[in-house]
Amino acid sequence: MSTEYAVSASNNFLKTIIDEDLKSGKQSSVVTRFPPEPNGYLHIGHAKSICINFGLATEFGGRCHLRFDDTNPAKEEQEYIDSIKESVRWLGFDWGEHLYYASDNFEQLYQWAVCLVTEGKAYVEDLNAEQIRAYRGTLTEPGVESPFRNRPVEENLNLFQRMRDGEFPDGSRVLRARIDMASPNISLRDPVLYRILHTPHPHVGNAWKIYPMYDFAHGQTDAIEGITHSICTLEFESHRPLYEWFLDNLPVPSRPRQYEFARLNLTYTVMSKRKLQELVLNGLVSGWDDPRLPTLEGLRRRGYTPTSIRNFCEQIGVGRSDSWIDVSVLEESVRADLNDSAPRAMAVLRPIKLVIENFPDGQAEELQAANHPQKPEMGSRTIHFSREIWIEADDFMEVPSKGFHRLTVSGEVKLRSGYIVTCRRVIKDELGNILELRCDYDPASREGIHTADGRKVKGVIHWVSAAHSITAEVRLFDRLFSDPNPDRSGADYKQFLNQNSVEVLTECKLEASLTCADSETRYQFERMGYFRQDPKDSKPGSLVFNRVVTLRDVWVKK
RNA sequence: AGGGGUAUAGCCAAACGGUAAGGCAACGGACUCUGACUCCGUCAUCUCUUGGUUCAAAUCCAGGUACCCCUGCCA
């Protein structure tokens, strides 16, 4: 399987639209944008949007902007701006010179609001939030016009200027568009354009006392940046008429179009910012970068590669119907990438001692082990074979179950890249716990898996020389939730938290070559899965590895 | 209930009036010094449903049904 980015050139409705726009000459180039609000960390759902926007730009030879949709300083912080930029870069995308902030357009937006006021298309509202809500009507009943709706233009101009000047307290007035209080589309019932907020802004500081709402900022900002295809998620679909109303009524420099796609839903996790934040704040996870979280920082810390996430986004496609992607698709994606690129190593996670009685004490033999079974160009490394080695406890069964083909009493097994050993006896303590296995090895069995009498050995297991191993901590992560859809309505998602979503093993025995493991390198610990050092907690001398994902295992399924 | 959307295999998803792509999963087999990888094969007489138009319908028309979104001074 190839790990190249372009997994398939499958079509989707956005590509079709862009293709037609380009061919018909409606657009001469493609300009998209990824427009996060800097009020939290990015997650895998954002990755889908990032891949769509940057991907489309790349595919059609256009460009993609990174734009912070920073119109609500009450929720936004510089920390999030920094994290978002880092995550987008990590994913492998480059916005070049095109980094923008909606807030850089505040003055222009203000002037356009004045235009609307001047033309009688916007007015200053004195009703409070509760009253506005009551006047708005319901889904089935039309709204009622505000008593301030027909305020004279001059008065509106005066009041709006004074709102800007900071003369009024938060919440005392808003600027509203004058559209249609009876519209069946509620977002057209005189939507709020500006609110008063005496709050400093992370990007423009204390310059403003009033801030535009999303609807009044997004489309115009798209127009200013020359965005041709403004791609957002489905819940903004009913805002599209409003998006277009502003473009129709303001002297904007270009005419962007909004298109919507279905957001990503992943099983066994939660994706809403609110819930993610709740998990972090309540200490239910270790932080925004907890390796069990679907945040990009979490996936990154766990060991997911940017390539695997991009491939995942390509695989799941883009559509307009609500869909649920099983996490196993994400897991399979990182397996595919890592299988290709990860050097192999041996690590025994739950060690049990095996003593080779016919190997001299105090000696060691150097063996060569391939770093990748299908890629000789990745070379090999030296491992040591000696009298005492560690093997995985699971790889020995005193009473083998049917189909088990690893080590059993008086059975034989091949030590990967080493020799065939035969188990002679089991030494236990008085409680019956296995202390060690006593074995013999066949010095002639270095190559292949055939015994001296020509039989083929059934099993191959990983191992590590006791005297040449290092002890390390390994963290095994599982799904954060035990239910495929913890988010389903009517239940508290927290009740579905998987109590065993992390298992910490502190007595793992790793081959010595891992002593100087590079912190970015993902390894395949043979037969156990893919691992990488935890970037925060792993230190020279006390290594900590995270399991990115297990290997596929058809045996345990049976 | 008003408005806006969506229904194609277990999960995604293509198709644009010409006879149901592809991926993942699953299943069967081969290969293998990782029960991994890889390889081969199987997997929708059928597109939510009921009618209609047509030589021909997943695609067009009419009526149902199910689910999602919208009543923040959030985005």
Side-chain angles (χ1 to χ4, degrees), chain A residues 1 7-13 16 35-37 39 69-72 74-76 125 128-129 132-134 136-143 170-176 183-189 191-197 211 213-215 217-218 232-241 260 262 267 273 314-326 328-329 332-333 335-336 339-340 344 346 369-370 372-374 403-406 414-418 420 445 447-450 456-462 524-529 550-558:
Chain A
M1 183 179 292
V7 172
S8 72
S10 71
N11 201 18
N12 67 52
F13 75 101
T16 302
E37 182 191 15
N39 69 342
D69 222 339
D70 54 352
T71 56
N72 186 6
K75 295 183 175 179
E76 298 154 6
E125 172 67 275
N128 63 33
I132 290 176
R133 194 180 316 124
R136 186 151 34 219
T138 67
L139 294 178
T140 52
E141 303 162 288
D170 288 6
S172 59
R173 283 180 233 265
V174 293
L175 182 75
R176 300 179 74 175
S183 173
N185 181 340
I186 293 181
S187 66
L188 255 21
R189 318 240 263 230
V192 172
L193 270 30
Y194 272 90
R195 74 286 217 185
I196 301 170
L197 237 39
Y211 293 95
M213 298 290 289
Y214 163 84
D215 286 309
H218 204 94
C232 62
T233 45
L234 247 24
E235 66 269 28
F236 291 100
E237 191 161 22
S238 59
H239 294 237
R240 195 169 64 216
E260 311 85 14
T267 57
K273 274 182 188 170
E314 179 68 31
Q315 277 171 27
I316 60 177
V318 184
R320 284 174 59 85
S321 60
D322 295 316
S323 61
W324 282 87
I325 306 294
D326 198 287
S328 62
V329 178
E332 193 49 42
S333 166
R335 272 190 202 109
N339 174 56
D340 210 54
R344 316 281 120 135
M346 291 201 282
H372 191 116
Q374 282 83 34
F404 181 83
H405 56 233
R406 282 105 85 182
K414 170 80 178 186
L415 297 176
R416 170 128 250 236
S417 303
I420 291 172
S445 62
E447 298 296 329
I449 53 167
H450 290 273
K456 222 176 182 179
V457 133
K458 297 188 300 269
V460 177
I461 65 173
H462 61 283
Q524 184 195 103
F525 288 173
E526 293 205 62
R527 303 206 312 128
M528 300 308 285
T550 60
L551 249 36
R552 210 164 142 257
D553 188 349
V554 299
W555 168 247
V556 298
K557 285 183 187 171
K558 290 178 180 171

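These numbers were taken from a predicted model, which means no experiment stands behind them. Order of the sequence lines fixes the chain letters, A, B, ..., with proteins taken first and strands second; residue numbering starts at 1 for each chain.
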Need the pair for B/C39. Rule: Watson-Crick or G-U wobble, both distances under 3.5 Å, any strand; none if unpaired.
B/G29
Going by a 90° cut-off around 0, is B/G72 syn or anti?
syn
Mind checking if A/V457 touches a base, just sugar-phosphate, or nothing, with heavy atoms under 4.0 Å?
nothing
With heavy atoms under 4.0 Å as the rule, sort A/I316 into base, sugar-phosphate or nothing.
sugar-phosphate
Distance, P atom - from B/U47 to B/U8, rounded to whole angstrom
12 Å
Working for side chain to side chain contact (heavy atoms under 4.5 Å, CB included), residues A/V174 and A/M213:
CA-CA 10 Å; A/V174 293; A/M213 298 290 289; over 6 Å; no
Phosphate-side-chain proximity, A/T71 and B/A75, N/O vs OP1/OP2 below 4.0 Å
yes
Pairwise P distance for B/U19 and B/U34, with rounding to whole Å:
46 Å
When you check the phosphate oxygens OP1 and OP2 of B/G72, does a side-chain N or O of A/R133 lie under 4.0 Å from one of them?
yes
Please work out if A/E125 contacts a base, only the sugar-phosphate, or nothing of the nucleic acid, heavy-atom cut-off 4.0 Å.
nothing
If B/C74 has a Watson-Crick or G-U wobble mate with both distances under 3.5 Å, name it; if not, just say none.
none
If you compare every side-chain N and O of A/R136 against the phosphate oxygens of B/C70 (OP1, OP2), does one of them come in below 4.0 Å?
no
Find the partner of B/C67: check Watson-Crick (N1-N3 plus N6-O4 or O6-N4) and G-U wobble (N1-O2, O6-N3) distances, both under 3.5 Å, and reply none if neither fits.
B/G5
In whole angstrom, give me the gap between the P atoms of B/C74 and B/U59.
45 Å
Option passing side chain to side chain contact (heavy atoms under 4.5 Å, CB included) with A/M346 (candidates A/M528, A/R527, A/Q524, A/R416)
A/R416
Would you say A/R552 places a side-chain N or O within less than 4.0 Å of OP1 or OP2 belonging to B/A26?
yes
Taking atom P in both B/G63 and B/C27, what distance in whole Å separates the two?
45 Å
When you compare B/U32 with B/C37, how far apart are their C1' atoms, in angstrom units rounded to a whole number?
9 Å
Considering every strand and a 4.0 Å limit on heavy-atom distances, what is the contact class for A/G319: base, sugar-phosphate, or nothing?
sugar-phosphate
OP1 or OP2 of B/G5 less than 4.0 angstrom from a side-chain nitrogen or oxygen of A/R320, does that happen here?
no
Winner on side-chain proximity to A/E235, out of B/U71, B/C69, B/U34, is B/C69
What nucleic acid atoms does A/E332 come within less than 4.0 Å of, heavy atoms only: base, sugar-phosphate, or nothing?
sugar-phosphate
Checking N1-N3 plus N6-O4 or O6-N4 for Watson-Crick, or N1-O2 and O6-N3 for wobble, each under 3.5 Å, the partner of B/C55 is B/G18
Does any part of the side chain of A/V318, heavy atoms only, come nearer than 4.5 Å to the side chain of A/F13, both counted from C-beta?
yes
Give the intermediate values and the outcome of side chain to side chain contact (heavy atoms under 4.5 Å, CB included) for residues A/V460 and A/I449.
CA-CA 8 Å; A/V460 177; A/I449 53 167; 4.1 Å; yes
Of all heavy-atom pairs between A/V457 and A/G459, which one has the smallest distance, and what is that distance?
CG1-O, 3.1 Å
Across all strands shown, which nucleotide pairs with B/C24 by Watson-Crick or G-U wobble geometry, both distances under 3.5 Å?
B/G10
Measure from NZ on A/K75 to P on B/G72 and round the result to the nearest Å.
13 Å
Per atom distances to the A/P373 side chain, the nearest of B/G72, B/G35, B/A36 is B/A36
For A/E260 and A/L234, work out which heavy atoms get closest and say how close.
CB-CD1, 3.6 Å
How far, in whole Å, is B/A14 from B/A75 if one measures between their C1' atoms?
32 Å
OP1 or OP2 of B/A36 versus the side-chain N and O atoms of A/R416: is any pair under 4.0 Å?
no
What I want to check is whether an N or O donor and acceptor connect the side chain of A/H239 with the base of B/A75 at under 3.5 Å.
yes
Between A/S321 and B/A13, is there a side-chain N or O to OP1/OP2 distance below 4.0 Å?
yes
Considering only heavy atoms and no angle criterion, is a donor-acceptor pair shorter than 3.5 Å present between the side chain of A/R189 and the base of B/U71?
no
A/W324 atom CH2 is separated from B/C67 atom C1', nearest whole Å, by 13 Å
Rounding to the closest angstrom, what is the interatomic distance between B/A25 and B/G5 at atom P?
36 Å
Any side-chain N or O of A/R335 below 4.0 angstrom from OP1/OP2 of B/C37?
no
Please give the distance between the P atoms of B/U71 and B/U38 as a whole number of Å.
47 Å
Whether the side chain of A/R527 and the base of B/G35 hold a donor-acceptor pair under 3.5 Å is what I'd like checked.
no
Check whether any side-chain N or O of A/N11 sits under 4.0 Å from OP1 or OP2 of B/A15, and answer yes or no.
yes
Flag as yes if A/Y214 stacks onto the base of B/A75 (centroids under 5.5 Å, planes under 30°), otherwise no.
no
Short side-chain to backbone donor-acceptor contact, A/R189 and A/S183, under 3.5 Å
yes
Would you mind telling me which of B/U34, B/A75, B/C33 lies closest to the side-chain atoms of A/K456?
B/C33
Quick one: are A/I461 and A/L415 in side-chain contact, heavy atoms under 4.5 Å?
yes
Taking the minimum atom-to-atom distance to the side chain of A/R406, which one of B/A75, B/A36, B/G35 wins?
B/G35
